Peer 1: 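There's a structure below that I have some questions on.
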Amino acid sequence: MRIATWNVNSVRARLDHLRDWLAAEQPDLVCLQETKVVDADFPHEPFGEAGYRAEISGQKSYNGVAVLARAGLEITDQVRDLPGLDDPQRRFLAVTVEGVRVVNVYVPNGSEVGSDKYAYKLDWLAHLTGHLRAELAAHPRLLLTGDFNIAPADLDVHDPDAWRDKVLCSTPERAAFHELEALGLRDLFRALHPDEPGFSWWDYRMNAFRRDRGLRIDLLLVTDDLAACARACRVDRTPRGREKPSDHAPVVASFDLGG
DNA sequence: ATGGTCGTTGGACGA
């Protein structure tokens, strides 16, 4: 089973990229973030033609998450809001597939350290951690994936000194990430590639992609049970190099789920 | 240099 995460920065603006990438990679499941569309306007038809069905939790203009599942895969137990948090922002979508609980998140960006949005980000992460503590008791195979808007360590940052204590890299954000790891979740790309930066996001400005001035903020965290099934995890930079790309690259993990 | 470039909008705002 191959599962991907991709912040597409508008699912409608990225339809051609998504179609081409699905045809080339044929993943089983794709967790999307920043779909930026209300559910009534989600483009189900092109994904159906591509052989995928979409579970969605969207809103107008901002945020929005979706899970694309290869036709024939049974999806159950959909949850479209982060339980326990009264939040109009669409940032959470959980499904179960092939015995794996998949939790797709678009963690708040946080804007600036010390801002209201930053406080919201830390609060949102605290609620996510609390929810997952209960989920993990019920699901030995759990995958938490999405755009975390946190670069966990300096290796995940092109210029750690320039980013020191800035949003995406600040100590409280990294501490919130370590709280997720403390639940028993492992950062799969980092576990398989201890020395590779693995950037997944590059700012649109200043030719950041061409200069490889990126951050690794799009992550897959897995339980030990699922980590034992993991065979590979890679960042696919191909779509980021195309015309009119998302500012994020997809990250793909392969699992041998066995029985 | 406190900038830049996108997407959604139809002027800013968010990232």
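Letters A, B, ... are given to chains in the order of the sequence lines, protein chains preceding strands, and every chain is numbered from 1. For clarity, every value in this text was computed on a predicted model and none was experimentally measured.
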Peer 1: Between the side chains of Tyr106(A) and Thr35(A), is a donor N or O closer than 3.5 angstrom to an acceptor N or O?
Peer 2: no
Peer 1: Go through the steps for Ile217(A) and Ser200(A) under the test side-chain contact (heavy atoms from CB on, under 4.5 Å), then give the verdict.
Peer 2: CA-CA 6 Å; Ile217(A) 58 177; Ser200(A) 64; 4.1 Å; yes
Peer 1: Calculate, to the nearest 0.5 Å, the distance between atoms CG and OG1 belonging to Asp77(A) and Thr96(A) respectively.
Peer 2: 4.5 Å
Peer 1: Tell me which nucleotide among dA15(B), dT8(B), dG7(B) gets nearest to the side chain of Arg14(A).
Peer 2: dG7(B)
Peer 1: To the side chain of Lys36(A), which of dA15(B), dC13(B), dT8(B) is closest?
Peer 2: dT8(B)
Peer 1: In whole angstrom, give the distance that lies between atom OH of Tyr118(A) and atom P of dG14(B).
Peer 2: 18 Å
Peer 1: Can you tell me how far C1' in dA15(B) sits from the matching atom in dG4(B), rounded to whole Å?
Peer 2: 13 Å
Peer 1: Can you tell me the distance, in whole Å, between the CD atom of Glu173(A) and the P atom of dA15(B)?
Peer 2: 13 Å
Peer 1: In whole angstroms, how far is the C1' atom of dC6(B) from the NE2 atom of His17(A)?
Peer 2: 13 Å
Peer 1: Return the set of residues passing side-chain hydrogen bond (donor to acceptor under 3.5 Å, both in side chains) with His158(A) (not counting sequence neighbours), or none when no residue passes.
Peer 2: Trp163(A)
Peer 1: Take Arg12(A) and Asn63(A), find for each the nucleotide of DNA chain B with the closest heavy atom, and name the residue whose nucleotide sits nearer the 5' end.
Peer 2: Arg12(A)
Peer 1: Tell me whether the OP1 or OP2 atom of dG7(B) has a side-chain N or O from Lys244(A) closer than 4.0 Å.
Peer 2: yes
Peer 1: State, to 0.1 Å, how close Glu25(A) and Arg234(A) come at their nearest heavy-atom pair, and which atoms those are.
Peer 2: OE1-NH2, 2.6 Å
Peer 1: In whole angstroms, how far is the C1' atom of dG7(B) from the CD atom of Gln33(A)?
Peer 2: 16 Å
Peer 1: In residues 199-212 of chain A, what residues come within less than 4.0 Å of DNA chain B, judged by heavy atoms?
Peer 2: Tyr204(A), Arg205(A), Met206(A)
Peer 1: For Asp247(A) and dG7(B), what is the distance between atoms CG and C1' respectively, to the nearest whole Å?
Peer 2: 10 Å
Peer 1: Not counting sequence neighbours, which residues clear side-chain hydrogen bond (donor to acceptor under 3.5 Å, both in side chains) with Gln89(A)? List them please.
Peer 2: Asn63(A), Arg91(A), Tyr120(A)
Peer 1: Quick one: is Lys60(A) getting a side-chain N or O under 4.0 Å of the dT8(B) phosphate, OP1 or OP2?
Peer 2: no
Peer 1: Whole-Å distance between dC13(B) P and Glu34(A) CD?
Peer 2: 18 Å
Peer 1: When the nearest nucleotide of DNA chain B is assigned to Lys117(A) and to Asn9(A) on a heavy-atom basis, which residue is associated with the more 5' position?
Peer 2: Asn9(A)
Peer 1: Send over the distance from Trp163(A) CH2 to dA15(B) C1', rounded to a whole Å.
Peer 2: 10 Å
Peer 1: More than 12 foreign heavy atoms under 6.0 Å from CG of Asp116(A): is that the case here?
Peer 2: no
Peer 1: Between atom CZ in Arg213(A) and atom P in dG3(B), what is the gap in whole Å?
Peer 2: 18 Å
